[in-house]
Student: 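The following block contains the structure, expressed as structure tokens.
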Amino acid sequence: MMPPAFIYSPRYAVPIGGHVFPTRKFALAAEMLQGRGAFFEPKLPSRSELLLAHTPEWTDKILGTISMTLADQTRAELPFSPEVSAAHRLAYSGTILACRRALEDGVGLHVGGGSHHAFSDHGEGFCLLNDIAGGLLKMMAEGRVRRAAVVDLDVHQGNGTAAIFRGRPEIFTFSMHQEGIYPETPEPGSLDVGLPAGCRDREYLKALEENLPRAFAAKPDLIVYQAGTDSAEDDALGGLKLTPDGLKRRDLMVREACRSFNVPAAVTLGGGYAADIRETARRHARTLLLFAGIDSSIS
Ligand SMILES: [Zn+2]
């Protein structure tokens, strides 16, 4: 068996001050995965690659050719700088690379990505560029994929992805999330399942078991899995109550569905806001190892 290929750039861990979104988690997760496989660094995407998922105006703001306003930054809940722009552009390319690896190897493992709150024309919820949309649209533009699906299990609804893919029946967007938190007005996707605060492993996994097959019934050639760990019981932003075992069984359910339907998967990290940043990183690393077929502990 080929050693796993992890896609990562050290530039993801861009300092943004005392922010609730800890970019250091990327570096910590990458550190935990050292020695478990090979690492590949994405290159900055071209303007035309950014335009696959984004409007010319937003693309130019990201590229710095027109200025990013304070209102843009407030809406994205992120400070903007050339370094932040580079980090998000690299992560956009990282998911393109993960999609490519998925089509070649069966699985693509991105130690980053999952920016599902980025819309075509603006950023939101710590997301500037929608790498999920970029990855799938790039594979479609190259004629490698005709139909695709997004399986988004972040605790927050995948509003940006749903909005970008609206009116594209060849792309099935499935989001299972907590109801009544950010985003205030969810953008309906192909299938949205809202769960109540306090939802535990059993109820969560039952809902996933019931709904996940619908994403595969859409006969995707490729899926992008947004594996946010903010549905964990101790998460600062989420109110679901998944235990470590529940998170693992969630990931296993997605992995087994990919295997049984024979669909390659590109895995992206998404959100995760445990009080202990090492715990967030550990959870993300576990997801990637599980998709690499390695069932081992990480300390
Ligand atoms: Zn989230």
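Computed from a prediction, not measured in an experiment: that's the story for all the values here. Just so it is clear, the values below take in all heavy atoms, side chains as well, and ignore hydrogens, waters and symmetry mates. Whatever order the structure lists ligands and atoms in, that order sets their numbers, starting from 1. Count residues from 1 along the sequence.
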Student: In D154, which N, O or S atom comes closest to the Zn ion (ligand 1)?
Tutor: OD1
Student: Within the 3.5 Å criterion, strictly below it, is a donor on S85 or R89 matched to an acceptor on the partner's side chain?
Tutor: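 S85 vs R89: donor-acceptor pair found between side chains.
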Student: Check for me whether R214 meets the cation-pi criterion with F172, that is, NZ or CZ under 6.0 Å from the six-membered ring centre and within 45 degrees of the ring axis.
Tutor: no
Student: For residues T161 and N130, is any side-chain donor paired with an opposing acceptor at under 3.5 Å?
Tutor: yes
Student: Please state whether the separation between the Zn ion (ligand 1) and some N/O/S atom of H156 is under 2.8 Å?
Tutor: yes
Student: Verify the distance criterion only: is there a donor paired with an acceptor across the side chains of D251 and Y225 at less than 3.5 Å?
Tutor: yes
Student: Looking at D230, which of its N, O or S atoms is the nearest one to the Zn ion (ligand 1)?
Tutor: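 Closest to the Zn ion (ligand 1) among those atoms: OD2.
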